[in-house]
2 protein chains.
Amino acid sequence: MSIQSVQRAVAILRCLSGSRRLGVSELSEQLELAKGTIHGLLSTLRDEGFVEQDADTGKYQLGHALLELGTSYLDVNELRQRALARADWLAQKSQCSVRVAVLRGGNALIIHHVFRPDNSLQILEVGSNLPLHATALGKALVAQAGLEPRVWPRLTKNTQTDNAKLEAELQLTREQGWALEAEEAVLTEAGVAAPIFDRKQEVIGSIGISGAVRELLIDDAPKAELVQLVLEAARHISRELGARLLG
Amino acid sequence: MSIQSVQRAVAILRCLSGSRRLGVSELSEQLELAKGTIHGLLSTLRDEGFVEQDADTGKYQLGHALLELGTSYLDVNELRQRALARADWLAQKSQCSVRVAVLRGGNALIIHHVFRPDNSLQILEVGSNLPLHATALGKALVAQAGLEPRVWPRLTKNTQTDNAKLEAELQLTREQGWALEAEEAVLTEAGVAAPIFDRKQEVIGSIGISGAVRELLIDDAPKAELVQLVLEAARHISRELGARLLG
DNA sequence: AAACAGTATTCGACATTATCGAACACAGAC
DNA sequence: GTCTGTGTTCGATAATGTCGAATACTGTTT
């Protein structure tokens with residue numbers, strides 16, 4: 001049994017997430033609900049801090065409470081807790097940007113991000129969704145379970161969009177225990193990632209490094225010492241989560 | 001008027017935000033509500049991705065949708081916030097009026113406006129809607145996604161109303177990375193604009209300069225240094241928003 | 001200046017909808 | 001085996017949220 005008004009409140013938030021700022025009438029039209037209904041939902045969401053109302057125009061946009069609960073979600077996540085220390089360690093050892101991802105809704109959701117340890121301008125990617133077929137983190141996440149054949153978007157000229165070849169690549173990933181991505185999502189950038197297991201020996205996340213091609217690869221193959229570092233980090237976190245790994 | 005079930009759903013999220021993981025009974029006790037009520041709310045929240053249920057224990061914790069909406073909240077304010085400084089910079093460098101727009105409801109909505117730095121009488125255009133087919137800001141907004149063929153209003157004798165020619169112009173915009181408008185909306189006025197990307201590599205806005213034809217154009221082409229300034233401003237804001245640009 | 005077209009908001013009647021509480025199924029402990 | 005805990009299902013009840021018209025307000029147009 002689903003509660004209608006909660007569903008509708010969520011639908012409003014999703015609409016606001018798409019567009020930047022919407023009014024009662026626009027939402028009423030988009031969701032095909034009476035203006036009074038929308039207004040009631042919006043004003044309770046406003047009281048709770050889930051949306052904010054522009055003082056001038058009266059229009060609504062997303063509110064701060066979502067950000068607070070969003071970061072709270074990160075705190076709750078057990079994988080993230082365990083990964084914090086190891087991610088720092090990996091960033092120091094590899095001198096690369098480190099990211100930790102989980103599988104959520106057909107994407108790789110970034111739940112932790114450590115900047116490359118130089119002082120360059122970088123942006124926190126926590127909360128971003130990455131495609132599964134064109135990132136090392138994504139491949140590491142789904143290598144065990146496999147991927148349903150579908151039409152994959154082409155992001156660069158190197159993006160693998162053929163389901164058979166993708167499956168072959170996932171099998172290689174499964175066998176060697178780590179995943180590679182070379183300019184498949186963004187030109188000039190590459191990544192190496194490995195899966196993280198829980199106590200049920202199931203993949204619950206992945207950790208990986210990313211950076212410029214020339215820093216990670218030699219002759220289209222990742223530097224061996226970097227692969228070892230990633231694997232070591234992933235195995236360490238897996239053990240902390242209760243996984244019993246072979247070897 | 002406040003909607004009870006939404007308030008209760010939020011209360012559940014707040015409880016879960018405090019504790020790490022809670023069950024139906026615990027929540028029922030804390031919020032003094034029947035277990036069935038809590039269960040109904042929780043299962044709709046689960047379907048929406050706002051909470052996740054542990055497969056083993058059946059207990060609930062916060063879900064990934066909160067993180068996604070939370071980062072979405074950041075994006076809403078970030079575009080305007082990041083654009084503020086760069087818009088001033090662009091106005092100083094170009095000595096032109098600068099405007100920042102987002103796509104909303106089939107129009108280019110102005111969300112920021114810096115006057116031409118010359119003390120002349122000008123009108124604040126924030127909040128006004130510009131047509132997509134006859135403005136540089138509009139073309140920059142829709143060049144990536146394309147435009148549905150429709151009947152466009154003719155604003156001046158130079159307004160492009162032919163769908164095929166408009167599409168060709170958008171393709172040119174896409175290829176060169178910036179858009180031009182010359183007396184298509186208002187006679188004697190021209191504009192140059194470039195798209196702003198977010199971390200999903202999607203166009204979330206555009207920034208551009210506008211002014212008299214004789215100030216912006218030479219022989220029907222925009223001055224090269226002005227185009228470079230606009231591109232530099234747009235790229236700078238995009239990078240600050242997390243976009244990873246090619247080249 | 002006045003009528004207009006937009007807003008967001010309020011309000012009351014209606015019946016849809018969420019609530020309650022008991023009964024259920026399953027798990028682990030003793 | 002019982003017992004106590006869990007999360008879940010179900011049906012009767014009325015409280016609740018919904019609708020749509022009416023409102024107040026703002027800015028624009030005539």
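Computed from a predicted structure; not experimentally measured. Convention: sequence-line order gives letters A, B, ...; per-chain numbering from 1. Both backbone and side-chain heavy atoms feed into the values below; hydrogens, waters and symmetry mates do not.
Put simply, A:Tyr60 has a side-chain N or O that comes within less than 4.0 Å of OP1 or OP2 on C:dT9. Dashed line: the shortest gap from a side-chain N or O of B:Gln7 to OP1 or OP2 of D:dG17 is not under 4.0 Å. Regarding contacts with the backbone of D:dC19, a side-chain N or O of A:Thr37 is found under 4.0 angstrom from either OP1 or OP2. In terms of phosphate contacts, A:Ser5 brings no side-chain nitrogen or oxygen within less than 4.0 Å of OP1 or OP2 of C:dT17. Regarding contacts with the backbone of D:dG17, every side-chain N or O of A:Arg8 stays at 4.0 angstrom or more from both OP1 and OP2. A close approach under 4.0 Å does not occur between any side-chain nitrogen or oxygen of A:Ser43 and OP1 or OP2 of C:dT9. Applying the 4.0 Å criterion to OP1 and OP2 of C:dG6, one finds that A:Ser25 has every side-chain N and O outside that range. Residue A:His39 has no polar side-chain atom (N or O) positioned under 4.0 Å from OP1 or OP2 of C:dA8. Between B:Gln53 and D:dT8 there is a side-chain N or O to OP1 or OP2 distance below 4.0 Å.
Sequence order on DNA chain C of the closest nucleotides to B:Leu33 and A:Arg46 puts A:Arg46 first from the 5' end. The 5' end of DNA chain C is approached more closely, in terms of each residue's nearest nucleotide, by A:Gly23 than by the other of B:Glu32 and A:Gly23.
Within 4.0 Å (heavy atoms only), B:Glu26 reaches no atom of the nucleic acid at all.
Nucleotides D:dA15 and C:dG12 have their C1' atoms positioned 16 Å apart, rounded to a whole Å.
Nearest heavy atom pair, residue B:Pro195 against residue B:Ala234, reads O-CB, 3.5 Å.
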